[in-house]
Participant: 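What follows is a structure written as structure tokens; I'll ask about it next.
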Amino acid sequence: ANMKRWELFLVFCFGIALAHYLGGAAIEYSKIDAHSITSDAIKLTIGLLGMATITNIFAQLPLAIEGLRKKWTGV
């Protein structure tokens with residue numbers, strides 16, 4: 001997968017945002033100590049999964065656009 005530099009930057013930013021917001025929400029909801037190694041592990045896991053998800057979306061996006069173009073234009 002040849003990702004451009006800006007795409008890699010977006011993937012990185014998305015991972016950080018998910019780790020911070022979704023990870024923080026999960027930690028608050030489950031009442032885990034915010035300064036524990038467990039909370040760090042939760043944030044790391046959510047961040048990495050978020051990065052993997054957006055990478056897969058970027059990989060599938062051209063195929064989805066091509067499919068929609070063929071459906072709408074018939075070409």
Side-chain angles (χ1 to χ4, degrees):
N2 262 346
M3 293 187 73
K4 295 179 181 79
R5 186 169 278 190
W6 67 269
E7 290 174 333
L8 292 172
F9 181 72
L10 284 178
V11 167
F12 181 71
C13 290
F14 186 77
I16 289 174
L18 270 183
H20 180 74
Y21 292 109
L22 191 60
I27 291 163
E28 285 288 322
Y29 179 77
S30 59
K31 296 180 178 33
I32 293 172
D33 180 24
H35 302 291
S36 68
I37 191 78
T38 305
S39 69
D40 291 339
I42 289 170
K43 286 185 176 184
L44 177 65
T45 303
I46 289 175
L48 291 174
L49 288 174
M51 288 172 64
T53 301
I54 197 71
T55 300
N56 286 329
I57 289 172
F58 275 150
Q60 297 298 322
L61 200 55
L63 297 172
I65 292 171
E66 179 69 17
L68 288 174
R69 185 185 62 80
K70 283 183 180 178
K71 181 179 179 182
W72 289 338
T73 63
V75 178

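Nothing here was measured: the structure is a model prediction, and the numbers come from that model.
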Participant: Find the distance between CD1 (I57) and CD1 (I54) and round it off to the nearest 0.5 Å.
Facilitator: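 Going from the CD1 atom of I57 to the CD1 atom of I54 covers 4.5 Å.
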Participant: Please find the pair of heavy atoms, one from A34 and one from S39, that lie closest to each other, and give the distance.
Facilitator: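 What the structure gives for the nearest pair is O-OG, 3.0 Å.
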Participant: K43 and side chain to side chain contact (heavy atoms under 4.5 Å, CB included): which single residue from I16, L48, L22, I27 fits?
Facilitator: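 Per the side chain to side chain contact (heavy atoms under 4.5 Å, CB included) rule, the option paired with K43 is I27, out of I16, L48, L22, I27.
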Participant: For a quick test of reading the model, state the closest non-hydrogen atom pair linking A26 to I42 and the distance between them.
Facilitator: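 Scanning both residues completely, I find the closest heavy atoms to be CB-CG2, 4.5 Å.
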Participant: From I65 CD1 over to L61 CG, what is the distance, rounded to the nearest 0.5 angstrom?
Facilitator: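 With rounding to 0.5 Å, CD1 (I65) is 4.0 Å from CG (L61).
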Participant: Just how far is it from atom OH of Y21 to atom CD1 of I46, taken to the nearest 0.5 Å?
Facilitator: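 Answer rounded to 0.5 Å: 14.5 Å.
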Participant: Please round to the nearest 0.5 Å and tell me the distance separating atom CZ of F9 and atom CZ of F12.
Facilitator: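 F9 atom CZ to F12 atom CZ measures 8.0 Å (nearest 0.5 Å).
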Participant: Looking at every heavy atom in both A59 and P62, which two are closest together, and how far apart are they?
Facilitator: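 The pair with the smallest heavy-atom distance is O-CD, 3.6 Å.
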Participant: Do L8 and F14 sit in one hydrophobic cluster, given that two such residues count as connected whenever their side-chain heavy atoms are within less than 4.5 Å of each other, even indirectly?
Facilitator: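 Yes.
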Participant: Should the heavy atoms of other residues, nucleotides or ligands under 6.0 Å from CD1 of I37 be counted, would the total exceed 12?
Facilitator: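 No, the 6.0 Å shell around CD1 holds no more than 12 heavy atoms from other groups.
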